[in-house]
Amino acid sequence: MNRDMVSKFNPEILMELVSRLMSTLVGKEVMLTNGRFGTIIMIDPSIQSP
């Protein structure tokens, strides 16, 4: 989603959506960059992606 689109949404609703999407990832198995597998046990909401 580009930055212009994000500004058109209600920030409270957008944050709730992102929070719910993130919570569905907890418990999922993922392949790490080194080829090993792991399970997501927690997502820190205070970390922002670049």
Side-chain angles (χ1 to χ4, degrees):
M1 192 180 291
N2 74 34
R3 294 181 189 267
D4 294 333
M5 288 182 65
V6 172
S7 65
K8 294 179 182 180
F9 292 105
N10 178 326
E12 292 176 11
I13 294 173
L14 187 59
M15 288 307 296
E16 182 65 25
L17 173 65
V18 169
S19 174
R20 289 177 187 244
L21 286 172
M22 287 176 29
S23 70
T24 65
L25 297 174
V26 174
K28 300 290 182 184
E29 188 173 276
V30 294
M31 184 169 56
L32 305 175
T33 57
N34 64 3
R36 296 176 65 185
F37 288 89
T39 303
I40 298 174
I41 59 170
M42 182 185 109
I43 298 174
D44 186 347
S46 66
I47 297 176
Q48 297 179 2
S49 62

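Keep in mind that this is a model prediction, so the values were computed, not measured.
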Qualifying residues under side-chain contact (heavy atoms from CB on, under 4.5 Å), relative to Ile41, sequence neighbours excluded: none

Nonpolar side-chain network containing Met31, other nodes, edges under 4.5 Å: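 Its cluster mates, by chain and number, are Phe37.
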
Would a hydrophobic clustering, with Ile, Leu, Val, Met, Phe, Trp and Tyr connected at side-chain separations under 4.5 Å, put [X] with [Y]?
X     : Y     : value
Leu32 : Ile43 : yes
Leu25 : Leu21 : no
Val18 : Phe9  : no

Does CE in Met15 sit with more than 12 non-hydrogen atoms of other residues, nucleotides or ligands closer than 6.0 Å? no

Contact list for residues 19-42, test salt bridge (Lys or Arg N to Asp or Glu O under 4.0 Å), sequence neighbours left out: Glu16-Arg20

Nearest 0.5 Å, what's the CD1-OG1 distance between Ile40 and Thr24?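 Rounded to the nearest 0.5 Å, the CD1-OG1 separation comes out at 9.0 Å.
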
